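Please read all numbers here as calculations on a predicted model, not as lab measurements. Letters A, B, ... are given to chains in the order of the sequence lines, protein chains preceding strands, and every chain is numbered from 1.
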2 protein chains.
Amino acid sequence: MTIKEVSERYNISQNTLRYYERVGMIPRVHRTSGGIRDYQEEDLGWVELALCMRSAGLPIEAMSEYVKMVQQGDSTIPARLELLLRQREKLLAQKSQIEETLERLNVKIANYTKCGTLSACTDPAQ
Amino acid sequence: MTIKEVSERYNISQNTLRYYERVGMIPRVHRTSGGIRDYQEEDLGWVELALCMRSAGLPIEAMSEYVKMVQQGDSTIPARLELLLRQREKLLAQKSQIEETLERLNVKIANYTKCGTLSACTDPAQ
DNA sequence: TCTTGACTTATAGTTGACTACAGGGCTTAC
DNA sequence: GTAAGCCCTGTAGTCAACTATAAGTCAAGA
């Protein structure tokens, strides 16, 4: 699969695909004899994982670290697990922060739709 | 309340507090006759709201726009409501993305704790 | 009054995550 | 075999959100 096809499939720019590979967020992609990227199933799996992590807001650095450890073999398994647990904690915290903000937004939205008085709407707490 | 006290209360740098004010993410804070910031209750309310929105990942620009509209008066109420609804949509999308990523992380974590075989752990899909 | 330390604005630098060239190589259709 | 269109690497630019610094002002204690 060419880089163009992958970029269209996942709706991500070719530049970004090359960038992810360069910074180690995905392992080096298979190439043709001419040096052109030819994504295999496994490469696509890494791309998908990378996009999933990024779209949740996890940093590139964490994924790069993980990829590096996978390539270093079994001895890094405990460290990999630790990394995954840390990222899960981050996501859980982020999720509850979003929920808090959503509640606050809901209060404000309710105030705007129910009343419409100036006083209720210039108070940041409302 | 001085900028130092506010920065300690919300665990945010003084520089960031000044920055938020400069870019209009919070309205101009009350000053002493000497020109020094003296945060009032309302100022604190804005700071709190700003921090809440930022920690959920909403962009500074959206808050600045909102603050600007609040200062322009009642005529902007419909536009403000629209902005709030847009931000809520964003947060809901972000939340479900996080949930998806959490599930994926959970699968990987389960694989690492249950088996520990190399094959299960070099496959990005696992 | 004078010094010390916190405050002011304005400007410049940093970081993370892209994004956009420049200059050149491969491939395929004619 | 050559022109057109992808693809390559490497480097430089951009953008959001800070973060740090410089040069100067204000305020409280000795």
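- The distance from atom CG of A:N11 to atom C1' of C:dC18 is 15 Å, rounded to the nearest whole Å.
- At whole-Å resolution of the value, CZ in B:R18 and C1' in C:dT11 are 14 Å apart.
- Between A:E21 atom CD and D:dC7 atom C1' there is a gap of 13 Å when expressed in whole angstrom units.
- Taking every side-chain heavy atom of A:Q14 into account, D:dC7 is the closest of D:dC7, D:dC8, D:dT19.
- When the nucleotides D:dC7, D:dA17, D:dA27 are ranked by their closest atom to the side chain of A:K4, D:dC7 comes out on top.
- One finds a salt bridge joining A:R37 and A:E21 here, because a Lys/Arg side-chain nitrogen approaches an Asp/Glu carboxylate oxygen to under 4.0 Å.
- The nucleotide whose nearest atom lies closest to any side-chain atom of A:Y20 is, among C:dT8, C:dC18, D:dT19, C:dC18.
- Minimum atom distance to the side chain of A:I60 is reached by C:dC18, of the listed C:dC18, C:dT27, D:dC18.
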Could you give me the CA-CA distance, side-chain angles and deciding distance for B:R80 and A:Y112, then say whether side-chain hydrogen bond (donor to acceptor under 3.5 Å, both in side chains) is met?
-> CA-CA 8 Å; B:R80 280 186 246 167; A:Y112 272 103; 2.8 Å; yes
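- Heavy-atom distances to DNA chain D give each of A:D38 and B:R22 a nearest nucleotide, and the one nearer the 5′ end belongs to A:D38.
- Between A:K90 and A:P59, the closest side-chain pair of non-hydrogen atoms falls below 4.5 Å.
- Among the atoms of the strands shown, only primed sugar atoms or phosphate atoms (P, OP1, OP2) are found under 4.0 Å from some heavy atom of A:T2.
- Computed from coordinates, the B:N15 CG to C:dG13 P distance equals 16 Å when rounded to whole Å.
- Ranking D:dA27, C:dC18, D:dA20 by closeness to the B:I36 side chain, first place goes to D:dA27.
- At whole-Å resolution of the value, CD1 in B:I12 and C1' in D:dA17 are 11 Å apart.
- Between B:E61 atom CD and D:dA17 atom P there is a gap of 8 Å when expressed in whole angstrom units.
- Residue B:L17 contributes atom CG, which lies 14 Å from atom C1' of D:dA17 at whole-angstrom precision.
- Between B:S13 and B:S7 the shortest heavy-atom distance is C-CB, 4.2 Å.
- A salt bridge between A:E82 and A:R86 is present, with a side-chain N of the basic residue lying under 4.0 Å from a carboxylate O of the acidic one.
- Taking atom CE of B:M63 as the reference point, atom C1' of D:dA17 lies 15 Å away to the nearest angstrom.
- Checking B:G34 against B:G57, the closest nucleotide of DNA chain D that is more toward the 5' end is the one next to B:G57.
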